[in-house]
Amino acid sequence: MIQEKIREAIIKTIEFVFSEMIFIDTLHIDEKPENFTFTQILFIDIISPLDGYIIAYLPLELRKTIVETIHSTAWEEMHATQIDDCLLEILNVIAGNFMTNFLGRNVKYNISFPAVNYDEEDIENIEDSQEIYFDAEGFIFRMNVLINS
Amino acid sequence: MKYKRILIADDSITSRMIIKRCIEMAGFFDIEYLEAEDGLHGLTVLDTEKVDLIITDLKMPKMDGKTFIRKLKSHNDTKDIPVVVISSLDNTVLEERLKREGVMAVIGKPLSPAKVLDFMEKE
């Protein structure tokens with residue numbers, strides 16, 4: 001039951017945030033795609049009233065598209081801190097909207113500052129998280145969500 | 001136009017840029033923007049600058065938005081400046097509490113030009 005609720009909330013959130021902020025139509029994929037690779041993880045903790053986390057696994061080409069669309073500037077012309085700031089702000093908005101979709105608008109919640117990681121080694125219980133793939137106009141990416149009940 | 005000088009307090013440079021862009025897309029031009037990376041920086045800016053509107057995020061390092069708003073509302077020079085919260089922490093409990101503390105509007109991210117009209121045209 002809770003797994004289905006998490007899945008519905010993250011799908012609704014991703015489709016809304018990508019459409020509103022990046023102007024990209026995004027659909028979830030039921031089957032795990034072959035050869036999915038990533039080089040960077042965007043991570044945010046859910047602090048209260050539940051605990052858990054949300055992770056975004058975005059391939060380089062999608063990261064470029066997101067940052068260039070939002071800043072209207074070529075990727076090569078932007079500083080690394082500007083790029084990270086943009087991607088982390090997207091995750092921040094995703095996390096806030098996910099919590100509202102998951103808990104409803106009447107429940108107060110708290111989330112951490114988002115962060116960039118480069119591997120999964122430090123992430124606890126990744127095997128217990130829900131893994132959902134998305135297709136953003138040809139760019140495949142993955143979201144993992146864990147809520148400890 | 002009511003607001004000519006706006007202070008935006010948000011730790012994300014991307015968020016500050018999106019706010020300015022949405023205000024322009026909503027049809028409000030010729031506004032001078034002052035920017036701060038958190039509440040503490042915002043207070044420093046307000047020590048020397050006058051603004052007509054303050055837009056603030058809630059989750060910021062050094063001084064968060066709630067503390068920033070409390071300090072603004074407790075100081076004679078800043079208590080009457082309209083404050084708008086634009087945050088990803090968006091729920092009715094928080095919204096009601098912030099409005100009781102004198103916040104004019106609480107807007108959830110992502111911001112859009114339509115949402116800008118909600119506070120730029122508010123009396």
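The figures that follow rest on heavy atoms only: side chains count, while hydrogens, waters and symmetry mates do not. This one's a predicted model, so the numbers in the text were calculated from it and none came from an experiment. Lettering follows sequence order; numbering is per chain, from 1.
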Practice task
Decide whether A/Asp85 and B/Ser12 meet the rule of one side-chain donor and one side-chain acceptor closer than 3.5 Å.
Solution key: yes
Practice task
Is it possible for you to check whether A/Lys32 lies under 6.0 Å from the centre of the six-membered ring of A/Tyr133, through NZ or CZ, and within 45° of that ring's axis?
Solution key: no
Handout entry: Nearest heavy atoms of B/Glu49 and B/Leu34, plus distance in Å
Key = CB-CD1, 3.7 Å
Practice task
Indicate the atoms forming the closest heavy-atom contact of A/Arg142 with A/Phe38, along with that distance.
Solution key: NH1-CE2, 4.4 Å
Problem - Region of B/Glu96 that comes under 4.5 Å of a non-hydrogen atom in chain A - result: neither
Problem - Ring geometry between A/Phe134 and A/His28 (parallel below 30°, tilted from 30 to 60°, perpendicular above 60°) - result: perpendicular
Region of [X] that comes under 4.5 Å of a non-hydrogen atom in chain B:
X: A/Phe16; value: side chain
X: A/Val67; value: neither
X: A/Ser112; value: backbone

Completion exercise
Ranked by heavy-atom pairs below 4.5 Å to chain B, first place among A/Met21, A/His71, A/Glu20 goes to A/His71
Problem - Heavy-atom pair count under 4.5 Å with chain B, highest-scoring of A/Val17, A/Ile70, A/Leu88, A/Thr100 - result: A/Ile70
Exercise for the section: Please confirm whether A/Phe18 and A/Phe139 have ring centers closer than 6.0 angstrom. Expected result: no
Handout entry: Heavy-atom pairs under 4.5 Å with chain A, option from B/Asp90, B/Val93, B/Leu111, B/Ile13 with the top count
Key = B/Asp90
